[in-house]
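In what follows, every chain begins at residue 1, and chains take the letters A, B, ... in the order their sequences are listed.
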2 protein chains.
Amino acid sequence: MPRTAPDPQPLPMPGDEAIDFGPLAGSLGFLLRLSQLQSFANFFHEMDGFNVRPGEISVLMLMAQNPGVRQGVLARALHIKRAHMTKMIRAMETAGIVTRTVPEDDRRSVELWLTDKGRKRLMAMQQPFLSHETRNTTGLTDAEEAQLKALLRKYIGLDSQGPKES
Amino acid sequence: MPRTAPDPQPLPMPGDEAIDFGPLAGSLGFLLRLSQLQSFANFFHEMDGFNVRPGEISVLMLMAQNPGVRQGVLARALHIKRAHMTKMIRAMETAGIVTRTVPEDDRRSVELWLTDKGRKRLMAMQQPFLSHETRNTTGLTDAEEAQLKALLRKYIGLDSQGPKES
DNA sequence: TATTGTTATACTCTATAACTATA
DNA sequence: TATAGTTATAGAGTATAACAATA
């Protein structure tokens, strides 16, 4: 059976029984965990039919943005273990959406390139992916969502990517 | 070997090679994923020696806050599958930190209660857990962290717990 | 019929170590 | 010696379905 996407899941409990989260509601880790579950549920709902997982689309996007990126650099950037990255890339190679080359200056490493097929697949997915990202399935306003992203970027030290107003 | 906690991992890449995250840096799902990894790394660093996982401490805290909570309610609140919750609770029962009772009004269900041992374990863990949550290992100010939590609570619809100013 | 908890199975992701080939 | 990628293995976490007891 081809993976049925779960319903968008409003996440507030069914009328059943209430529960008191207590100090847990103030735990950043707990909030991040539930938020990621919410976000992934939205992802699978929006990307249903593409048979894609969050990990794959992030790899595709980084390969598109950084042609010839080395496999280990990609793994570190996404916090995917090298052993796992090997399997992911191998599967993509088999699927014909990525090619691997060995550079002259360091013949231990592997450079990754999207094929035309890979680029097409990414182009087809990126639109619903980005729309899923911006469409407010929850109660956040656009400003709140932007602020949330900015805070998360700062939390993980990713502000070097942020827009600058020099 | 007793599980060595990883170093706090500053998360900004080692001086190695830079990578352009492109539109991925604007993806809420991606930011949430990296943020959770960061948060969990902090968790394991801070809780090293307690041999506790994020899932267990959240279960302990909710059982303490909601004595006699039914197992299924707990599972739904934490988005843990019932099958998985069964295994977790069984392990805790074996460890002597939780007892299970069958209520009269619905003999299908199971009510959960922390034992004294469970309460002690939670008390011992809660202090470093909450300090890990508030200690700013990253660049967020206290105000920013509070705002981040508020936005996440709104994102997942958990504001019913929030303070109200009637 | 539906629900609660249980059991069993499988799959994904992760963690670790050992191995090679290069450096 | 150290590093990049690979291979193999084991373990968590998760998803699913089938089942018994109860509603």
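Counting only heavy atoms from C-beta outward, the side chains of Q126(B) and L60(B) never approach each other to under 4.5 Å. Inter-residue side-chain proximity for M63(B) and L74(B) is flagged as met; some heavy-atom pair is nearer than 4.5 Å. Within the 4.5 Å cutoff, side-chain heavy atoms of M61(B) are placed close to those of L122(B).
Within residues 54-67 of chain B, no residue has a heavy atom under 4.0 Å from DNA chain D. A heavy atom lying under 4.0 Å from DNA chain C marks the following residues of residues 82-95 of chain A, by number: A83(A), H84(A), K87(A).
Across the protein-nucleic acid pair, E104(B) atom CD and dA23(D) atom C1' stand 14 Å apart, rounded to whole Å. To the nearest angstrom, P of dA15(D) lies 11 Å from NE2 of H79(B). Going from atom CD of E111(A) over to atom C1' of dA4(D) covers 13 Å, rounded to whole Å. Whole-Å rounding puts the F40(A) CZ to dG13(D) P distance at 17 Å. Going from atom NZ of K81(A) over to atom P of dA15(C) covers 5 Å, rounded to whole Å. If you measure from atom CG of L78(B) to atom P of dG13(D), you get 13 Å, rounded to the nearest angstrom. Here the P atom of nucleotide dA23(C) and the CG atom of D105(A) are 9 Å apart, to the nearest Å. Rounding to whole angstrom units, CG of residue L74(B) and C1' of dT4(C) are separated by 14 Å.
Salt bridge absent: R53(A) and E56(A) never bring a charged side-chain N and a carboxylate O closer than 4.0 Å. A salt bridge links E93(B) and R100(B); the closest N-O separation between the charged side-chain nitrogens and carboxylate oxygens is under 4.0 Å.
Without hydrogens or angle criteria, N66(A) side chain to L62(A) main chain gives a donor-acceptor distance under 3.5 Å. With K117(A) contributing its side chain and I97(A) its backbone, the two residues share no donor-acceptor pair below 3.5 Å.
The distance from atom OG of S39(B) to atom CZ of F30(A), rounded to the nearest 0.5 Å, is 12.0 Å.
Among dA4(D), dT22(C), dT6(C), the nucleotide with an atom closest to any side-chain atom of R70(A) is dA4(D). Closest approach to the D106(A) side chain among dA23(C), dG5(C), dT6(D) is made by dA23(C) (side chain taken as heavy atoms from C-beta onward).
Residue R108(A) places no side-chain N or O under 4.0 Å from the OP1 or OP2 atom of dA2(D). The shortest distance between the side-chain N/O atoms of R107(B) and the OP1/OP2 oxygens of dA20(D) is not below 4.0 Å. Residue R76(A) places none of its side-chain N or O atoms closer than 4.0 Å to OP1 or OP2 of dT3(D).
Ring-plane geometry between F43(B) and F129(B) is classed as perpendicular, the angle between the planes exceeding 60 degrees on a 0 to 90 degree scale with a lower cut at 30.
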